[in-house]
Amino acid sequence: MNCKEAEKKIPPFLNDELDGRGLAEFVEHIGDCPECMEELSIQFLVAEGLEQLEQGNNFNLQKALTWKLEDADYKIRVNSVLRHILLVLEVAVAAVIIAALVIVSM
């Protein structure tokens, strides 16, 4: 992912609209690119800061952004585990079908 693509994905990220591969690519790029991380921080500050001010809440924007990125990492790990479980189940089902076909053909 290049910087232009990452910057376009900032609003969807902030609105929790990214998932799967798009989320993983975005988080990876943000982790490696200080310029895009700065842009994310600015857009997060504006969006979250205004919302918190309207609600009259005290807030720590840096901590909130860190939590959002940690939550994204968690979602990526869970998605990866689920994909691996699905692959194992597919292989198991295929093995059962093959075994059944072998038994039936005897």
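Residues: numbered from 1 along the sequence shown. For clarity, every value in this text was computed on a predicted model and none was experimentally measured.
Residue pairs meeting the salt bridge (Lys or Arg N to Asp or Glu O under 4.0 Å) criterion with at least one member in residues 4-15: none, sequence neighbours excluded. For the ring pair (Phe, Tyr, Trp, His ring centres under 6.0 Å) condition, no pair includes a residue of residues 85-106, sequence neighbours left out.
Considering only residues two or more places apart in sequence or on other chains, V102 meets the side-chain contact (heavy atoms from CB on, under 4.5 Å) condition with I98, M106. Residues passing the side-chain contact (heavy atoms from CB on, under 4.5 Å) test with L101, sequence neighbours excluded: I97.
In this structure, W67 shares a hydrophobic cluster with no other residue, the cluster being traced through Ile, Leu, Val, Met, Phe, Trp and Tyr side chains under 4.5 angstrom apart.
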Quick one: side chains of residues 70-92, donor-acceptor pairs under 3.5 Å with protein atoms, not counting sequence neighbours, listed by atom name and distance.
unit_1	atom_1	unit_2	atom_2	d
D71	OD2	K75	NZ	3.4
H84	ND1	S80	O	2.7

Let me check something: any side-chain donor-acceptor pairs from residues 35-44 under 3.5 Å, sequence neighbours excluded? List them with distances.
unit_1	atom_1	unit_2	atom_2	d
E39	OE2	Q43	NE2	2.8
S41	OG	M37	O	2.9

Could you list the donor-acceptor pairs under 3.5 angstrom formed between side-chain atoms of residues 15-32 and any protein atom two or more places apart in sequence or on another chain?
unit_1	atom_1	unit_2	atom_2	d
N15	ND2	P11	O	3.1
D16	OD1	K68	NZ	2.7
H29	ND1	M1	O	3.1

